[in-house]
There are 2 protein chains.
Amino acid sequence: MQVSSRFTIAIHIFSCIKTFEGEYKITSDFLSSSIQVNPVIIRKLLGQLKEAGLIEVKRGSGGASLAKEPGEITLLDVFNAVESLDGGKLFHFHENPNPDCPVGRSIHPVLDGRLEQIQRAMEKEMQSITLEDIFNDTNKYLEQTSHS
Amino acid sequence: MQVSSRFTIAIHIFSCIKTFEGEYKITSDFLSSSIQVNPVIIRKLLGQLKEAGLIEVKRGSGGASLAKEPGEITLLDVFNAVESLDGGKLFHFHENPNPDCPVGRSIHPVLDGRLEQIQRAMEKEMQSITLEDIFNDTNKYLEQTSHS
DNA sequence: GTTATTGTAACAAGAGGGGTTACAATAACA
DNA sequence: TGTTATTGTAACCCCTCTTGTTACAATAAC
C-alpha cells in the first residue's frame, strides 16, 4: 500500500507550469522530458487535474496553465484529483463481519470513527500545504545550490 | 490506493482475543467465523502479528493470545505489522526526474520533507489510539445496544 | 496413534499501476 | 486548404498486490 507516484508527478507538473510559463509552452512532451515519464501518462494526469478545475489545457494548440492562484491550491486538492479513494475512504474494511458475533457486530460502529479520525489528520496536514509553499521552497533551493 | 483490509481484520482479531480469551480457544477457524474471511488469510496475519511481537500463537495445540497489555499496543503498531510500506515511505516518488531541469533537480529535496510531514501526521494519530481504547468502545457499544 | 491445529507452498482470479503504440479530433498557421 | 503540433483516448502489455483456495508437512496434546 503506497500512494501512487501520480501524486508527486502532479506536483512536479505544477512546478513546471509555474517555473516555465511564458518562457515555454507546457506540453505533455515538455513535461515528459523533465519528469521522465511517458507523455501519455502525463496527458491522463493533465486530464484529471483539468477535471478537478486546477489547470487548463489547450487542445490542438497545446499547453497547460494554472486555473487558480498557487496559494489557493492545496496538496489535498492535488491528492483528491489524482488519487481516487474508493468511496472517499482511505481504509478498506473487510466486507462481511459476522453479525451473530458480538465482536463482528460492533467492529464497524466502533472502528469507523477512528479510521475517519486518522484520515482527517492526514488530510488536514495536506490541506495546510499549498503550491505556493512548494514554489517558494523550490526557489530557495535553486538559489542556494546555484551560487555555491 | 487504499489501506488493505488486513489492517481492520487485524484489529478485529485483537478484539476477538480480548473478548473470548479464557472462554474459547482462539484458533484461525474460530476467528474466521467471526471475521468471515478464509482461515489461511487469518493464519498469515497471525504470523505477521506474531513476528511483530504483538501476539503469541501456539503451534499444534492452537490458540492466539496477547503478548502485551492492550494499552501498550497502538494502531500504529498494528499498521506497521501488517502493512509493509516500501522503504517505510507512504508516498511513492517517480524514480527519475531529470537532473538537467531545475525543477527535476529540486523536486526531491523540496518534496521529501513535506511528504514525511504528512506521513508523520497520520502516524501520530494512529499512535494516539490503543487497543484498550478500541476494547472500551466495543464494551460501551455492546452495553448500549443490548439493553434497548 | 489419533486428532486438531499451525505454518507454508502453490496456485488462481481480479484490480491497479505504469508503460507503449496508434490514431482521431482539434487548433493554429502557412 | 493543407500541413503541423498537440491533446484525448483506445487498446494493448507486463508486473505487483490483494484476496481466496486447496493441500500437506510439522507440531502438540491426548
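Convention: sequence-line order gives letters A, B, ...; per-chain numbering from 1. Being a predicted model, the structure only gives us computed values, none of them experimental.
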Task: Nucleotide forming a Watson-Crick or wobble pair with D:dA28, both distances under 3.5 Å - done: C:dT3
Task: Spacing of A:Ile42 atom CD1 relative to D:dT9 atom P, expressed in whole Å - done: 17 Å
- [ ] Please list residues of residues 73-109 of chain B whose heavy atoms come under 4.0 Å from any atom in DNA chain C, ordered by number; otherwise none.
- [x] B:His92
- [ ] Provide, to the nearest angstrom, the distance between the CG atom belonging to B:Asn38 and the P atom belonging to D:dT22.
- [x] 8 Å
TODO: Classify the side-chain pair A:Thr8/B:His94 by whether it contains a donor and acceptor separated by less than 3.5 Å.
DONE: yes
- [ ] Name the nucleic acid region contacted by B:Lys44, choosing base, sugar-phosphate or nothing; use a 4.0 angstrom heavy-atom cut-off, strictly under.
- [x] base
TODO: State, yes or no, whether a side-chain contact exists between B:His12 and B:Val37 at a heavy-atom distance under 4.5 Å.
DONE: no
- [ ] Specify the separation, in whole Å, of atom CG of A:Leu49 and atom C1' of D:dG8.
- [x] 15 Å
Open item on the list: Quick check: do B:Arg105 and B:Pro97 have side-chain heavy atoms less than 4.5 Å from each other?
Closed with: no
TODO: Return no unless some side-chain N or O of B:Ser5 is found under 4.0 Å from OP1 or OP2 of D:dT19.
DONE: yes
Task: Footprint string (nucleotides 25-30 of chain C, 5' to 3'): B base within contact, S backbone only, - free, heavy atoms under 4.0 Å - done: BBSS--
TODO: With a 3.5 angstrom cut-off on both distances, give the Watson-Crick or G-U wobble partner of D:dA23, or none if there isn't one.
DONE: C:dT8
Task: Whole-Å distance separating the CG atom of B:Asp29 from the P atom of C:dT6 - done: 7 Å
Open item on the list: Nearest whole Å is fine: how far is D:dC13 C1' from A:Ile41 CD1?
Closed with: 12 Å
Open item on the list: If you define the side chain from C-beta out and look only at heavy atoms, does anything of A:Cys101 sit under 4.5 Å from B:Phe20?
Closed with: yes
- [ ] Calculate the interatomic distance between A:Leu45 atom CG and C:dG18 atom P; express it in whole Å.
- [x] 9 Å
TODO: Take the protein atom CD of A:Gln36 and the nucleotide atom P of C:dG18, then report the distance between them rounded to whole Å.
DONE: 16 Å
Task: B:Ala81 versus B:Ala52, closest heavy-atom pair with distance - done: CB-CB, 3.6 Å
Task: Spacing of A:Met1 atom CE relative to D:dT18 atom P, expressed in whole Å - done: 9 Å
- [ ] With DNA chain C as reference, determine whether B:Arg43 or A:Ser4 sits nearer its 5' end, using the nearest nucleotide of each.
- [x] B:Arg43
Task: Check: A:Gln36 side chain, B:Asn96 main-chain N or O, donor-acceptor pair, under 3.5 Å - done: yes
TODO: Would you please say whether a donor-acceptor pair under 3.5 Å links the side chains of A:Glu123 and A:Gln119?
DONE: yes
Open item on the list: Please compare A:Ser28 and B:Val40 by the position of their nearest nucleotide in DNA chain D and report the one closer to 5'.
Closed with: A:Ser28
- [ ] For B:Lys25 and for A:Arg6, find the nucleotide of DNA chain C with the closest heavy atom, then tell me which residue's nucleotide is more 5'.
- [x] B:Lys25
Open item on the list: Quick check: do B:Leu75 and B:Leu131 have side-chain heavy atoms less than 4.5 Å from each other?
Closed with: yes
TODO: By nearest nucleotide on DNA chain D, pick out whichever of A:Leu46 and B:Val3 is the more 5' one.
DONE: A:Leu46
Task: Carboxylate-amine/guanidinium contact B:Arg114 A:Asp137, below 4.0 Å - done: yes
Task: Minimum-distance pair of heavy atoms, taken over all atoms of A:Phe91 and A:Leu115 - done: CE1-O, 3.6 Å
